[in-house]
Amino acid sequence: MILTVKTKSQTELIDITFEIQQLVSSSGINEGLCILFVPHTTAAVTINENADPSVPADIIMVLNKIVPWEAGYRHLEGNSPAHLKSTLVGVSELIIIENSKLFLGTWQGIFFCEFDGPRTRKLHVRFLPTKYKE
Amino acid sequence: MILTVKTKSQTELIDITFEIQQLVSSSGINEGLCILFVPHTTAAVTINENADPSVPADIIMVLNKIVPWEAGYRHLEGNSPAHLKSTLVGVSELIIIENSKLFLGTWQGIFFCEFDGPRTRKLHVRFLPTKYKE
Amino acid sequence: MILTVKTKSQTELIDITFEIQQLVSSSGINEGLCILFVPHTTAAVTINENADPSVPADIIMVLNKIVPWEAGYRHLEGNSPAHLKSTLVGVSELIIIENSKLFLGTWQGIFFCEFDGPRTRKLHVRFLPTKYKE
């Protein structure tokens with residue numbers, strides 16, 4: 001399965017929890033694992049608080065502080081900071097499925113992380129069911 | 001399965017290798033995968049050296065240098081640095097099980113990472129067996 | 001399965017995409033997951049662009065900026081920065097297998113990350129097949 005994500009900014013965290021849960025629901029899986037994989041080198045996926053929108057805003061702000069925009073980069077495309085953020089945050093996630101639901105903590109949501117947008121991005125989604133709905 | 005972890009400090013790396021190995025042993029799994037998932041947004045899980053306690057101490061020290069305590073954060077709870085560390089370190093781990101044992105390197109241990117404690121935390125543990133003990 | 005990686009520098013990103021694809025091909029797996037696990041505490045594995053060699057060079061440069069070489073470390077072996085980088089980048093990766101191929105993005109490659117070399121390293125490789133070749 002592939003989820004298409006249209007990003008609107010250069011750097012952006014987009015809450016995709018609802019979309020992933022919909023894919024879980026329509027798959028018929030009761031228990032198992034959900035695997036997310038970002039097939040891009042300047043994007044990532046993370047799990048963090050999605051109740052207060054200032055949390056993803058702070059994540060973006062600090063990632064921009066940690067990874068300098070100018071640092072004598074050799075890569076001529078000019079998006080080396082985006083590659084760095086992708087490696088620091090990571091391109092895959094693994095989430096437990098229980099009772100046909102993503103088994104996340106109360107405050108957790110899944111964010112697609114755009115670091116070199118705006119672009120139309122893809123997210124690969126796979127399920128490893130250990131039990132199907134009866 | 002859920003492992004309860006009681007943390008005692010604001011920032012702390014707690015070696016949980018023994019507890020996870022116990023869960024593997026009592027599960028009857030011979031070969032497969034062990035999945036760890038932290039259902040919190042200000043904690044994480046990592047694998048690193050557990051022989052010398054100065055290694056987790058240095059990890060905490062440098063994470064505190066990388067993620068500034070004061071940076072004009074917008075999130076009013078005041079724990080934005082903890083959210084950042086959670087995203088940088090990651091909330092899930094995947095460990096191979098072989099011969100009913102966590103297949104870790106000689107110096108590797110599993111650490112629960114508390115970034116906004118002290119609290120009582122949970123860690124979700126799942127197994128994907130490819131072979132059970134005969 | 002174990003892949004042996006001989007590193008030649010203190011800090012180095014080595015493209016192992018071809019070697020992992022060879023293991024997938026010889027395994028007979030058609031669809032499933034490929035799990036990579038680094039059993040070392042001063043190395044890691046990441047996925048990023050392998051078309052332009054300046055991308056891994058920039059990743060190394062910025063990781064060296066983020067994690068200071070001198071910071072009053074307590075760990076007496078002197079390789080604390082390598083332990084930090086291992087925790088930030090991560091010791092495991094999860095890649096989807098489709099049509100007997102690693103299902104990576106156009107620009108993605110798999111890199112073994114040496115942070116305390118040169119050494120002879122190991123990478124554990126496991127497959128979770130959901131379908132074998134007919």
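Only a predicted model underlies this, so the values are computations on that prediction, with no experimental measurement involved. Just so we're on the same page: letters track the sequence lines, and every chain starts at 1.
- In this structure, the portions of C:His83 lying under 4.5 Å from any heavy atom of chain B include both its backbone and its side chain.
- No part of C:Val89 comes within reach of chain B, as not one of its non-hydrogen atoms sits under 4.5 angstrom from that chain.
- C:Gln21 and C:Ser25 share a donor-acceptor pair across their side chains, judged by distance under 3.5 Å alone.
- Contact annotation for C:Pro68: only side-chain heavy atoms (C-beta onward) come within less than 4.5 Å of a heavy atom of chain B.
- Under the 3.5 Å distance criterion, with hydrogens and angles disregarded, no donor-acceptor pair is assigned to the side chains of C:His75 and B:Asp58.
- The candidate from B:Leu88, B:Leu33, B:Leu94 with the greatest count of non-hydrogen atom pairs under 4.5 Å with chain C is B:Leu94.
- With a 4.5 angstrom heavy-atom cutoff, B:Lys65 touches chain C only via side-chain atoms.
- In the model, B:Thr46 has no side-chain atom that pairs as donor or acceptor with a side-chain atom of B:Asn48 under 3.5 Å.
- For chain C, the nearby parts of B:Phe103 are the backbone and the side chain; heavy atoms of each come within less than 4.5 Å.
- Of the residues considered (B:Ile96, B:Ile47, B:Thr106), B:Ile96 shows the highest number of contacts with chain C, using heavy-atom pairs under 4.5 Å.
- C:Arg121 pairs with exactly one of C:Thr4, C:Asp116, C:Thr42 by the side-chain hydrogen bond (donor to acceptor under 3.5 Å, both in side chains) rule, that one being C:Thr42.
- None of B:Arg119, B:Glu114, B:Glu12 except one satisfies the side-chain hydrogen bond (donor to acceptor under 3.5 Å, both in side chains) rule with B:Thr7; the exception is B:Glu114.
- Relative orientation of the B:Phe37 and B:His124 rings is parallel, given thresholds of 30° and 60° on the angle between their planes.
- Neither the backbone nor the side chain of B:Glu31 comes within contact range of chain C, judged by heavy atoms closer than 4.5 Å.
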